Amino acid sequence: MGKHLAPKKKHELNFIKRIPKRVIGPEQAAHVLREETDEVPKTGAHAVREQPDAAPVRAAHVGREKNRQKPEKAAGPKLRMPTMRMPTLGRHPWIFYVLAVILLIVIRFLPLEGWKIPAAYAIPALLCLPEHVLNAWERFRRGDRLNGSLIACLAAVLLFLTGMYPEAVLLLILTFAISFAEKLLLDRSNAEHNTLSQILPGAVQLVTEEGTERVDPAAVQPGDIILIPAGERIPLDGVVFEGITTIDTATVSGQRSPWAVNVGYKVYAGCRNLTSDIKVRVSRPFEQSTANKILRVSESAPGFVSEQESFAQRFSRIYTPAVLGLALVVGVIIPAFRGGWIVHAQRAAVLLIASYCVPELFCIPLLYGRALSKTEKMGVFTKGKDCLEAMAKADTLIFDKTGTITEGRYSVTDVYPVKMSEKQLLAIAAAAECFSRHPIAFAIREASGRLDERALRSVRLREIPGRGVSSLVGNRQVLVGNAALLEEHGVKYNIPSRPGTAIHVSVDGRYCGHILVADKVRRRAFDALETLRVNGVKKLVLLTGDVLSVARPIASRLNFDMLRAELRPSEKAKAVGYLMKNKGSRTSIAFVGEGENSGRLLTDADVGIAMGSLGSDQAFACADMMIMDRDIFKIPKTLVISRTAYRAAWENFAAGAGVNVLLVLLGALGVVTPLAAEIVSFVVCAAMLGNTLRLK
Ligand code: ADP
Ligand code: MG
């Protein structure tokens with residue numbers, strides 16, 4: 001149990017003033033007035049809108065965007081990896097290299113003499129060279145002037161001219177082998193991504209007066225009715241209009257979780273309709289459908305460069321020209337004065353071999369690409385490689401209690417009316433809460449049963465985050481919320497006799513009683529938090545708007561290090577800001593919230609993780625990582641994946657850069673032969689590629 005379990009008084013925390021970003025909630029009904037009680041600017045750089053159709057996926061990061069790095073050449077929308085696809089000689093360029101290997105072995109054992117030796121080695125060399133030249137030219141044309149293929153060609157030519165024929169051929173073979181293996185790994189990642197793109201619909205069966213008509217999904221408008229046959233994927237987001245069926249979210253959430261849906265239930269594009277045909281009233285155009293949003297996130301993610309990647313880029317940008325310059329000095333300038341052209345040309349070839357790394361940027365983009373694919377397979381969608389890197393560095397995790405640690409599914413446990421029946425109290429509260437999307441509102445509506453639809457038309461809802469609602473029902477003002485809400489409105493209330501989350505109700509300033517609601521701690525919350533600790537998370541913080549008497553037992557049971565209860569959203573934002581201000585320079589802070597209710601807070605930490613993101617516009621607009629379902633164990637799993645990628649990236653960089661620098665030093669002194677340099681370089685590159693397989 002941590003030291004700061006009791007909430008600190010406000011003055012004890014030297015909060016910095018952060019202007020939180022504003023999130024405009026999705027699907028705000030015209031009659032729903034959401035009172036933002038915090039001082040939030042309504043326009044300017046902090047205005048964050050619900051993700052519009054064509055806006056970049058990262059609209060929510062307006063304030064943080066300046067710290068992020070995009071690749072120099074942004075990856076095209078359909079390009080999964082930032083690596084360029086190279087033209088090849090035919091479909092199977094490796095055939096040339098296999099032939100070259102066979103020839104190399106045969107020639108070695110042939111009793112050749114004089115001019116016949118270079119002539120014989122020229123055959124495998126000429127088999128290998130075209131692919132390299134094509135590659136080098138393509139990269140050169142695309143702006144990668146000092147590319148590995150070009151340098152390998154130069155080194156091979158230099159070796160051949162100085163009489164090291166087998167070494168020249170071997171160099172071409174080994175560099176090809178590494179690039180080919182890298183390409184195979186990239187293709188595998190791309191193939192995984194292509195399975196994800198299957199969640200996009202082909203054609204949609206639009207219900208018309210004459211029957212059904214197959215149309216393009218983009219042509220379907222909100223309000224249209226579509227038919228979804230059993231066994232097919234749901235093409236667009238909507239609400240079930242006719243039929244009962246079971247749907248499975250496995251394609252988007254990564255886990256088989258069939259659930260039954262009936263008329264009035266929401267269904268999301270990308271999920272599969274399992275058992276029977278249903279008709280759905282479309283609620284969003286194709287562009288804003290869940291499947292389209294997921295795909296856009298997934299496609300733009302590899303385009304964001306991690307810090308490690310940009311570090312490796314900077315290193316290569318200095319290192320390669322520097323070593324090439326040194327090669328020029330060793331190979332041309334020194335022998336011009338001292339002679340010994342052949343020896344010096346061979347030393348220069350060693351420097352050329354040591355001046356580049358065959359896999360792109362020490363495999364760092366590949367590592368993060370694989371980490372992204374791996375998390376996506378679990379149904380965790382990340383907005384960029386840099387977010388995974390920030391997750392890897394997280395040493396503090398802040399949880400917004402409801403919907404993360406707890407299930408976020410409240411139920412009414414007791415009703416304490418004052419001068420009215422239990423049923424009446426529930427009916428009043430349910431009417432006032434009828435448009436609220438808070439889990440407590442769902443519980444109260446459920447307990448109250450069906451509401452009179454005509455009466456509901458007169459309800460005007462004003463939500464007060466962290467407090468409750470203040471609604472006009474007809475011409476009466478109904479307050480439903482916690483004690484602080486009633487205090488703020490000057491309404492006297494009864495202190496609940498039993499512990500729990502008490503929701504007080506008043507009508508026109510007259511106290512009507514309270515309703516006790518309870519939420520359950522997630523089954524695997526304890527194990528998930530312990531796994532986080534085992535994997536290096538040092539501080540777990542619980543923030544909640546709920547009362548201390550409810551939050552304290554949860555925090556102590558789950559070993560949280562710090563708890564702050566009875567907070568409004570603005571106070572939660574200050575708490576996150578305080579922790580952000582006081583964090584270590586090499587660490588980061590992750591905030592875990594519920595997609596629908598944590599909105600703006602998700603943008604304040606280094607990494608905002610939204611749980612239950614399926615169908616939540618706020619999650620897609622504000623979070624950096626979206627967990628589609630509510631499996632809390634996906635947080636430690638994502639942490640482990642990102643840490644593995646992060647560590648492997650440093651290992652690769654250290655091994656690749658270290659060995660190359662060593663080769664440069666020894667090569668310049670003439671200690672290393674070209675053959676040794678080739679083999680060492682090959683082994684290191686192969687080890688780097690092997691390291692990426694840790695993220696299987
Ligand atoms: P948490 O921090 O656990 O996510 P919230 O900030 O969403 O909680 O809410 C804090 C408290 O505010 C709740 O425990 C409840 O007492 C009250 N509250 C918020 N919204 C509502 C609502 N719609 N109806 C009733 N009470 C509410
Ligand atoms: Mg909440």
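Values in this document were obtained by computation on a predicted structure and should not be read as measured data. This chain uses plain numbering: 1 for the first residue, then up along the sequence. Indexing begins at 1, ligand by ligand and atom by atom, following the structure's order.
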Asks: Is there a donor-acceptor contact under 3.5 Å from the side chain of Arg409 to the main chain of Ala443?
Replies: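 Not at all, since once roles are kept as given, no pair shorter than 3.5 Å links the two residues.
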Asks: How far apart are the closest heavy atoms of Cys434 and Arg445, and which atoms are they?
Replies: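 Result for this residue pair: O-NH1, 3.1 Å.
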Asks: Testing the 3.5 Å rule here: is there a donor-acceptor pair between the side chains of Gln477 and Ser470?
Replies: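 Note: Gln477 and Ser470 side chains meet the donor-acceptor criterion.
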Asks: Of the choices Ala565, Gly468, Ala443, which has the non-hydrogen atom that lies closest to atom 27 (C) of ligand 1?
Replies: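 Looking at heavy atoms only, Gly468 sits closest to atom 27 (C) of ligand 1.
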Asks: Between Asp546 and ligand 1, which part of the residue brings a heavy atom under 4.0 Å of the ligand: side chain, backbone, both or neither?
Replies: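 Both parts.
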Asks: Where is the nearest protein heavy atom to atom 13 (C) of ligand 1: which residue, which atom, and how far?
Replies: Ile440 CD1, 3.8 Å
Asks: Checking the N or O distance criterion of under 3.5 Å, is ligand 1 in contact with Gly466?
Replies: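 Yes: some nitrogen or oxygen of Gly466 is under 3.5 Å from one in ligand 1.
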Asks: Heavy atoms only: which of Thr544, Asn482, Val517 is nearest to atom 16 (O) of ligand 1?
Replies: Asn482
Asks: Specify the protein heavy atom at minimum distance from atom 6 (O) of ligand 1: its residue, its atom name, and the distance to 0.1 Å.
Replies: Lys572 NZ, 3.2 Å
Asks: Considering only non-hydrogen protein atoms, determine which one is nearest to atom 11 (C) of ligand 1 and report residue, atom name and distance to 0.1 Å.
Replies: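 Answer for atom 11 (C) of ligand 1: Gly545 O, 3.5 Å.
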Asks: Using side-chain heavy atoms (C-beta onward) and a distance below 4.5 Å, is Asp629 in contact with Gln255?
Replies: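 When only atoms from C-beta onward are counted, Gln255 and Asp629 do touch, with a gap below 4.5 Å.
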Asks: Can you pull out the closest protein heavy atom to atom 9 (O) of ligand 1? Residue, atom name and distance to 0.1 Å, please.
Replies: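 Its nearest protein heavy-atom neighbour is His438 NE2, 3.6 Å.
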Asks: Considering heavy atoms of the protein only, find what lies nearest to atom 17 (C) of ligand 1 and give residue, atom and distance to 0.1 Å.
Replies: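 Heavy-atom neighbour on the protein nearest atom 17 (C) of ligand 1: Arg467 O, 3.3 Å.
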Asks: By the definition salt bridge (Lys or Arg N to Asp or Glu O under 4.0 Å), identify the one residue from Arg467, Lys572, Lys401 that meets it with Asp546.
Replies: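 Running salt bridge (Lys or Arg N to Asp or Glu O under 4.0 Å) over Arg467, Lys572, Lys401 with Asp546 returns exactly one hit, Lys401.
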Asks: Go through the side-chain N and O atoms of Thr375 and Thr638 and say whether any donor and acceptor fall under 3.5 Å apart.
Replies: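 There is no such pair (donor and acceptor under 3.5 Å, judged by atom type) between the side chains of Thr375 and Thr638.
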Asks: Provide, to 0.1 Å, the distance between atom 1 (P) of ligand 1 and the closest protein heavy atom, together with that atom's residue and name.
Replies: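 Nearest protein contact, heavy atoms only, for atom 1 (P) of ligand 1 is Thr402 OG1, 3.3 Å.
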Asks: Can you classify the ring geometry of Phe560 versus Phe399 as parallel (below 30°), tilted (30 to 60°) or perpendicular (above 60°)?
Replies: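 Aromatic pair Phe560/Phe399 classed perpendicular.
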Asks: At a 4.0 Å threshold, what atoms of ligand 1 neighbour a non-hydrogen atom of Val469?
Replies: 23 (N)
Asks: My understanding is that only residues two or more places apart in sequence, or in another chain, count here; which of them pass salt bridge (Lys or Arg N to Asp or Glu O under 4.0 Å) with Arg256?
Replies: Asp248
Asks: Do the side chains of Lys293 and Asp617 get close enough for a salt bridge, i.e. N-O under 4.0 angstrom?
Replies: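 Answer for the salt bridge query: yes.
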Asks: Is ligand 1 less than 4.0 angstrom away from at least one heavy atom of Arg568?
Replies: no
Asks: Strictly by modelled atom types, are Tyr416 and Glu422 linked by a side-chain donor-acceptor pair under 3.5 Å?
Replies: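 There is no such pair between these side chains.
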Asks: Among all protein heavy atoms in this structure, tell me which lies nearest to atom 23 (N) of ligand 1, with the distance rounded to 0.1 Å.
Replies: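 Here the closest protein heavy atom is Glu433 OE1, 3.0 Å.
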Asks: For Ser436, take its heavy atoms, then give the atoms of ligand 1 lying under 4.0 Å from any of them.
Replies: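 Numbered from 1, ligand 1 contributes 23 (N).
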Asks: Given that the side chain starts at C-beta and the backbone is N, CA, C, O, which of these parts of Asp400 lies under 4.0 Å from ligand 1, counting heavy atoms, or is it both or neither?
Replies: side chain
